[in-house]
Amino acid sequence: MIVSNLVLTAPLKGWIAPLEETPDAVFAERMLGDGLAIDPLDSTLHAPCDGAVVSVHRARHAVTLRATNGAEILMHVGLETVALNGEGFEVLVEEGQTVKAGDRLIRFDLDLLAQRARSLITPVVITNLEAFRIVRRDQDREIGVGEFLMELAPIARATAVLAGAGDEVAREIVVPLIHGIHARPAARIADAVKAFSAEAALVIGARRANARSPVGLMSLAIRHGDTIGIVASGSDAQAAVAALAALIEGGMGEGAPVIAKALASSAPTAVAPAAPAQLPRDGVLKGVLAAPGLAIGKAVRLSTAEIAVREAGEGVAHEEAALARALEMVRARIGKAAETGDKARKAILAAHQAFLDDPELYAGAHRLIAEGKSAGYAWRQSVGGYVEALRALGDRRMAERVDDLIDLERQVLRALSGEEEAEAVLAPGSILLADELLPSQLMSADPAAVAGFATVRGGPTSHVAILAAAMGVPALVAVGDALSRLKDGTTLILDADSGTLRVAPDAKALEAAQTALAQRQQRKAAAKAAAHEPAVTRDGVRIEVFANTGSVADAQAAVANGAEGSGLLRTEFLFLDRETPPDEDEQARQYQAIAEALDGRPLIIRTLDVGGDKAAPYLPIPAEENPALGLRGVRVSLWRPHLLKAQLRAILRVEPRGQCKIMVPMVASLDELRAVRAVLEEAKRELGITEPVELGVMIETPAAAVTADLLAAEADFLSIGTNDLTQYVLAMDRGNPELAAGIDALHPAVLRMIDQTCRGAARHHRWVGVCGGLASDLDATPILLGLGVTELSTTASIAPEVKARVRTISLEACRALAARALDQTSPDAVRALVQTHMNAPHGA
Ligand code: PEP
Ligand code: MG
């Protein structure tokens with residue numbers, strides 16, 4: 001039988017409270033089951049779902065329903081009401097009767113209960129918790145009959161495969177990690193188990209992997225929302241299972257954009273090379289952006305020549321010792337490499353270290369050595385097995401980790417052979433070409449000589465792509481087999497931003513690229529020199545150029561680049577690596593520090609925007625079928641209003657008053673803004689603040705864009721989040737690299753939404769800003785200004801160039817340009833229009 005999730009609606013009008021607040025240990029300690037309590041404001045109990053009446057207490061105060069999916073729900077009106085012996089209660093159903101959600105079950109006399117019962121509080125609990133768990137529940141608000149109360153999910157029998165496993169301790173959990181158990185969580189789990197002597201494993205379906213083995217865990221391909229079993233045996237099995245469950249259920253900081261941030265506009269999965277094997281006639285190969293930038297240079301092929309290994313060993317002891325020595329050498333090398341470099345590089349090396357310590361890899365090699373094979377052969381076979389397993393999963397993210405394993409395989413084989421790989425001496429301006437570039441190859445290459453790189457395969461989130469972005473090296477991945485045909489020394493123009501690699505360009509193309517590169521460098525330098533001047537159009541209109549921030553360091557970078565404030569503080573970035581929500585004081589300290597780093601410049605603080613692709617471990621959001629369409633942004637804040645209140649109070653406490661404005665993400669309707677304003681007013685009252693505090697909304701949903709006039713009537717300003725607006729308008733996942741080429745915010749459909757937003761805002765004289773990626777796109781500057789945007793909040797490093805561009809254009813010309821842009825049929829046509837316009841002799 002397929003058992004599906006079940007939504008329970010409120011059986012009573014009243015105030016929802018957590019079960020633990022029930023003044024009766026039987027309920028508060030969940031002896032009867034898990035659920036919620038409702039403090040009633042009305043006197044009829046209704047069915048919370050379709051089902052059958054299993055039992056009605058003889059004292060008429062409690063009823064149990066069995067839902068159609070088997071969940072059993074006990075509703076107990078008031079506490080110690082059994083003592084009333086039925087007085088004040090009228091039962092409207094019979095045992096065995098089937099009911100529909102909303103049907104009336106019990107009517108009671110609220111006044112009588114108020115006088116005679118110990119409490120009116122009415123627990124609603126699921127009694128068969130062995131079969132169901134609550135995955136979502138409402139709380140701390142007034143609720144009406146029929147409104148969402150909680151959601152139950154059946155417990156998959158993940159641990160069934162363990163039946164009869166003797167002294168094993170087992171527990172089932174749902175994986176909240178947004179990207180499932182991939183390399184880094186696997187390494188952390190393996191690390192956590194080291195504190196215990198118990199043998200522990202994770203189980204999903206009929207598959208099981210040693211929890212000490214990161215590669216084994218990865219090969220389970222556990223995804224977000226999967227129900228898995230954690231099992232352990234041994235003296236501290238119980239503690240090991242509890243620790244692993246806490247670690248995984250805590251989210252492990254997944255979604256923490258240490259890496260996601262480094263990737264900026266790139267995406268979370270890999271792409272199979274799709275390019276043809278022949279060089280195209282125009283000599284331009286297409287690839288996927290892994291790290292932005294433009295480079296001109298000479299091809300340097302990095303061949304990862306097979307390292308020859310003997311199959312037969314020279315005795316078990318000899319081979320064992322050789323392998324142990326080689327592993328030690330590589331371990332030491334990785335440790336040394338991790339002493340320098342940024343956070344991204346260190347995280348990657350830590351994952352390599354964990355693979356190196358993987359007991360399963362070692363055990364696999366050990367078995368083969370015991371059968372008489374050489375250490376090299378055994379190591380290659382053992383790693384190769386996992387490489388195949390990961391490739392076979394069909395999970396792109398896991399397949400991307402294959403290059404890490406191959407990298408380690410090579411490093412150990414090299415150490416075994418006693419030869420150091422001849423490190424290519426690179427001439428300056430080298431563009432590295434490889435089938436798949438290995439992280440260690442990029443790390444060991446001279447950064448001053450590497451102009452860029454391109455690979456046949458690979459994905460934009462592979463570790464090597466992350467490294468490239470951190471090193472500022474332009475890079476393309478997934479260029480396809482045609483790349484293998486290029487000869488060493490071929491001249492190349494790598495334009496990562498447009499996803500192209502021009503092979504052996506003719507003199508004209510080369511000159512154009514050299515000019516573009518020189519112009520870029522010059523433009524950057526000139527813009528930087530004028531970064532602290534205001535941005536005023538040629539016809540005298542002042543445009544505010546702000547920068548987006550997520551930390552004190554970002555605020556310092558904003559100021560250094562001439563930003564006039566921060567148009568978006570992504571507060572979720574401040575508190576990602578933690579397992580408990582930041583309290584009000586801590587938030588106030590952080591916001592204060594950022595406000596001070598901005599030295600009095602305006603700071604727009606966005607309320608928490610978690611959910612979707614941004615997970616906050618301290619706020620596990622139940623598994624969702626479509627997270628981008630689920631509990632995100634303001635919906636999360638209204639789902640947990642006490643967190644919203646704490647955040648608003650923290651913002652209000654920042655001195656000097658008036659420096660901070662507040663902005664609400666992912667708004668889809670005016671009611672959401674009103675609900676946030678109500679909490680804001682309450683917070684202001686509590687803090688004795690009487691002066692107005694500006695509250696704006698982000699325009700990120702088509703709903704918000706088309707109702708901008710309604711929102712602007714009550715919002716103090718509107719700021720367009722073009723990253724989300726584009727994904728929702730075009731129905732294209734912003735994190736899907738297969739769609740990366742098509743998800744362009746200069747699509748006329750998105751521009752029409754921006755147009756509508758500006759018109760709506762103008763009706764109420766509200767200003768409109770853009771804080772999404774489009775604000776940092778120089779092609780977009782004249783169009784956005786022409787549509788009526790007056791504030792641009794950009795990436796700090798581009799702010800000087802955005803200011804410089806504003807100074808070259810006139811608003812009047814921008815309006816005409818924007819009107820024409822709205823009538824184009826594609827983003828490319830819009831870009832071509834802008835280019836023609838900007839290059840026209842009369843300028844913009
Ligand atoms: C946006 O969606 O454009 C935006 C600024 O918000 P985020 O990128 O943080 O979702
Ligand atoms: Mg957004």
Side-chain angles (χ1 to χ4, degrees), residues 178 255-268 545-551 554 558 563 565-576 603-616 621 626-637 647 661-668 672 696-705 708 717-736 739-740 743-747 749-751 753-754 757 768-777 780 784 789 791-796 798-799 802:
I178 206 87
V258 175
I259 280 163
K261 263 201 277 188
L263 281 168
S265 61
S266 73
V545 178
F546 284 13
N548 294 344
T549 51
S551 63
D554 287 352
S566 175
L568 166 63
L569 167 60
R570 289 178 161 105
T571 54
E572 59 281 357
F573 283 1
L574 287 168
F575 308 110
L576 279 166
L603 169 59
I604 301 183
I605 304 186
R606 175 170 79 182
T607 55
L608 204 63
D609 184 24
V610 294
D613 60 348
K614 285 183 274 193
I621 291 177
N626 287 307
L629 304 180
L631 265 179
R632 278 205 59 184
V634 67
R635 298 171 196 172
V636 175
S637 292
Q647 181 166 35
K661 303 182 194 343
I662 298 166
M663 179 160 83
V664 190
M666 290 297 300
V667 167
E672 289 160 333
V697 294
M698 285 189 76
I699 303 294
E700 301 185 279
T701 63
F717 59 91
L718 308 182
S719 182
I720 307 175
T722 48
N723 308 334
D724 276 312
L725 185 61
T726 306
Q727 86 162 338
Y728 296 122
V729 169
L730 301 182
M732 284 181 166
D733 180 349
R734 67 191 262 191
N736 185 337
L739 306 176
I743 184 157
D744 187 336
L746 279 183
H747 192 295
V750 182
L751 296 181
M753 290 278 167
I754 297 175
T757 303
V768 179
V770 172
C771 60
L774 199 60
S776 304
D777 183 336
L784 294 176
V789 169
E791 180 246 33
L792 297 168
S793 194
T794 71
T795 309
I798 196 97
V802 172

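Indexing begins at 1, ligand by ligand and atom by atom, following the structure's order.
- Taken from CD1 in Ile699 to CE in Met753, the straight-line distance is 11.0 Å, to the nearest 0.5 Å.
- For atom 4 (C) of ligand 1, the nearest protein heavy atom (residue, atom name, distance) is Glu700 OE2, 3.6 Å.
- Inclusion of Thr722 in the set of residues having an N or O under 3.5 Å from an N or O of ligand 1 is warranted.
- The nearest N/O/S atom of Asp724 to the Mg ion (ligand 2) is OD2.
- A 4.5 Å side-chain heavy-atom check between Thr607 and Ile662 finds at least one atom pair inside the cut-off.
- Residue contact check for ligand 1: Met698 places a non-hydrogen atom closer than 4.0 Å to it.
- Of all protein heavy atoms, the one lying nearest to atom 6 (O) of ligand 1 is Arg606 NH1, 3.0 Å.
- Remark: of the listed residues Arg570, Arg635, Glu700, Arg632, Glu700 is the sole one forming a side-chain contact (heavy atoms from CB on, under 4.5 Å) with Pro665.
- Interatomic distance, CG of Leu569 versus OG1 of Thr549, reported as 4.0 Å (0.5 Å rounding).
- Listed by number with element, the atoms of ligand 1 under 4.0 angstrom from any heavy atom of Leu568 are 5 (C).
- In terms of the side-chain hydrogen bond (donor to acceptor under 3.5 Å, both in side chains) criterion, Asn723 has no residue partners (sequence neighbours excluded).
- With a 4.5 Å cut-off on side-chain heavy atoms, Met663 and Cys771 count as touching.
- Of all the heavy atoms of Ile720, none lies under 4.0 Å from any atom of ligand 1, so neither backbone nor side chain is involved.
- Closest approach between the Mg ion (ligand 2) and any N/O/S atom of Glu700 involves OE2.
- Between the side chains of Ser776 and Thr795, at least one donor-acceptor pair of N or O atoms lies under 3.5 Å.
- Counting the atoms of ligand 1 from 1 in the order shown, those under 4.0 Å from a heavy atom of Arg570 are 4 (C), 5 (C), 6 (O), 7 (P), 8 (O), 9 (O).
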